[in-house]
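Read the structure below first, then the notes.
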Amino acid sequence: MKHHISGRRLAAAVLTLSTVTAVTGTLVTVPAVAAVPAPGAEAADVATLPVDTDIISVGDTGYLTSREDSDGKTVLEWRKADGSVEPVSGASVGYDSTSDFVVTGEGGSAVTVRDMTAPAASPVTVDLATEFAAGAKLVGVIGRDLFVQVPGAGNYHDLWLYTPNGEQTRKIKLSGAGNHLSFKVVASAGNKALVLVTTRYESGVTFRNQDSLALADFVHGLPLQHETDTGKLVTDGSGALTHDYIARVEARAEGNRIIVDRVGKLPKEIRLDSSSQKAVIVGIVGDVLLYGDPGQAADNSINPLYAVDLYKTDSQPYKLLERFSSVAHAPDGAVHVRGVKNDIDGL
């Protein structure tokens, strides 16, 4: 089943799937086997996946998936639009690049970038520890642009942009002065990347840690721009960025909640119930926020995908999918979800 959500149009397909009437966006549903699309749905190719396969990244010409083989080893594969499958060897970890660049590694400091639109081009591997310093690690990927957290003096860190591209390779420091503890790139829109930042402020013998959101123009390689201070962000946090919205998950004493800053409106808060405390932000499509706690592709655990209209002040979350296990973001802003609806399982 392919849930391909894009644009800002109200479609009958959304109503067919969710029974909620005020939803912005177009929903395309394609089951793992051929089926007649719902009325008003946009046509799309059928995507067939093995039961235990999850989606990692989506480009214009295909998508990257992950599964375990009979020996329990992780297998990465590039599934092309024509239905053929190309193994991605020498790697067990893939990253959501929102492009036809496949970025992989083994969980260490070595990262490999492949341009899947240029089969004759050799993969490019960079050892971040060698290129920067011991302890350097990848904290975000957009296309072939790598965001690298690099240790500095006093156990603090800097954020660098590294773009392996032959003679046009870029290596740019994005973070400015400050005692930065960590960075994580969680979303992008246009030229901008959304970065979760934790900074330590010292006063004499005391200190406090402050979480914040920053934007980086990675296309032009410009320095980080502070957007807003936040409450405490959840560990290994998530977020979303569009031209109208910025979302993050904050940890509160009474329970985690999603905070969405809205252009021209007051922020919207979505309180997460006891079963959704581990929820991550899947994305924002049009005026609709998607979130949930992903489960495993091959089991029957209850891990719903929820949606909520951000434009209406009094809108409430509703269940979009019965369960889901993975998500990837396409170059056009579409959200691809590996999940289940009405007992149909697929992408």
Side-chain angles (χ1 to χ4, degrees), residues 5-6 57-58 95-99 101 103 137-149 157-163 172-176 178 180-199 209-251 256-265 267-270 279-292 308 310 327-336:
I5 309 169
S6 63
S57 186
V58 175
Y95 300 91
D96 186 356
S97 73
T98 320
S99 73
F101 289 100
V103 181
K137 68 176 184 177
L138 192 65
V139 293
V141 176
I142 304 172
R144 73 171 85 198
D145 292 312
L146 310 179
F147 295 85
V148 185
Q149 178 176 292
H157 298 85
D158 291 311
L159 181 65
W160 286 74
L161 173 66
Y162 186 78
T163 309
I172 303 170
K173 183 180 177 182
L174 299 178
S175 57
H180 304 301
L181 297 174
S182 66
F183 302 91
K184 184 181 181 183
V185 177
V186 293
S188 65
N191 294 345
K192 300 295 181 66
L194 177 63
V195 187
L196 310 184
V197 184
T198 301
T199 304
N209 294 338
Q210 175 65 57
D211 290 338
S212 63
L213 305 179
L215 297 176
D217 184 339
F218 62 94
V219 172
H220 300 101
L222 300 181
L224 278 181
Q225 293 182 331
H226 178 269
E227 181 69 16
T228 184
D229 287 341
T230 69
K232 180 175 175 54
L233 299 172
V234 298
T235 302
D236 197 25
S238 57
L241 174 68
T242 73
H243 295 295
D244 299 315
Y245 304 105
I246 299 180
R248 75 271 187 182
V249 186
E250 293 190 5
N256 295 346
R257 64 184 60 190
I258 297 173
I259 312 294
V260 185
D261 294 329
R262 306 180 293 174
V263 174
K265 295 176 177 286
K268 185 177 182 66
E269 295 191 7
I270 297 100
V280 298
I281 295 171
V282 168
I284 296 175
V285 183
D287 296 312
V288 177
L289 170 76
L290 305 175
Y291 69 94
V308 61
L310 297 175
V327 175
H329 304 85
D332 64 356
V335 177
H336 293 248

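- Between Val58 and Ala328, the shortest heavy-atom contact is CG2-CB, 3.6 Å.
- The two residues Phe218 and Gly190 have their closest heavy-atom pair at CZ-O, 3.7 Å.
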What's the verdict on side chain to side chain contact (heavy atoms under 4.5 Å, CB included) for Leu138 and Phe147, showing C-alpha distance, side-chain angles and the deciding distance?
CA-CA 6 Å; Leu138 192 65; Phe147 295 85; 5.6 Å; no
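- A donor-acceptor distance shorter than 3.5 angstrom exists from the side chain of Ser175 to the backbone of Leu159, with no hydrogens or angles considered.
- Residue Ser238 holds its OG atom at 7.0 Å from CD1 of Ile258, rounded to the nearest 0.5 Å.
- At least one side-chain heavy atom of Glu250 sits under 4.5 Å from a side-chain heavy atom of Leu233.
- Environment of NZ in Lys268: crowded, with over 12 heavy atoms of neighbouring residues, nucleotides or ligands closer than 6.0 Å.
- Under a 3.5 Å cut-off, the side chain of Gln149 and the backbone N or O of Val139 do not form any donor-acceptor pair.
- A side chain to side chain contact (heavy atoms under 4.5 Å, CB included) with Leu241 is found for one member of Val195, Leu215, Val186 and no other, namely Leu215.
- The closest side-chain heavy-atom distance from Ile281 to Val249 is below 4.5 Å.
- With sequence neighbours excluded, no residue satisfies salt bridge (Lys or Arg N to Asp or Glu O under 4.0 Å) with Asp96.
- His329 contributes a side-chain N or O that, together with a main-chain N or O of Val282, makes up a donor-acceptor pair within less than 3.5 Å.
- From Leu196, atom CG reaches atom CZ of Phe183 across 11.0 Å, with rounding to the nearest 0.5 Å.
- No side-chain heavy atom of Tyr245 sits less than 4.5 Å from a side-chain heavy atom of Asp261.
- Applying side chain to side chain contact (heavy atoms under 4.5 Å, CB included) to Lys192 and the options Asp217, Ile246, Val219, Leu222 leaves one that passes, Asp217.
- The shortest non-hydrogen separation linking Pro267 to Ile259 is CB-CG2, 4.4 Å.
- Closest of all the heavy-atom pairs between Leu290 and Val285 is CD1-CG2, 4.4 Å.
- The distance from the CG atom of Asp332 to the OG1 atom of Thr98 is 10.5 Å, given to the nearest 0.5 Å.
- Here the shortest heavy-atom pairing between Ala214 and Leu224 reads CB-CD2, 4.1 Å.
- Between the side chain of His157 and the main chain of Leu181, a donor-acceptor pair closer than 3.5 Å is present.
- With contacts defined as side-chain heavy-atom distances shorter than 4.5 Å, the pair Asp145/Phe101 does not qualify.
- Here CG of Leu146 is found 7.0 Å from OG1 of Thr163. Values are rounded to the nearest 0.5 Å.
- Between Tyr95 and Val141, the shortest heavy-atom contact is CB-CG2, 3.9 Å.
- In this structure, the side chain of Gln210 does not engage the main chain of Lys232 through any donor-acceptor pair within 3.5 Å.
- The structure places CZ of Arg262 at 11.0 Å from CG of Asp244, a figure rounded to the nearest 0.5 Å.
- No donor-acceptor distance shorter than 3.5 angstrom exists from the side chain of Glu227 to the backbone of Leu213, with no hydrogens or angles considered.
- With a 4.5 Å cut-off on side-chain heavy atoms, Arg144 and Ser99 do not count as touching.
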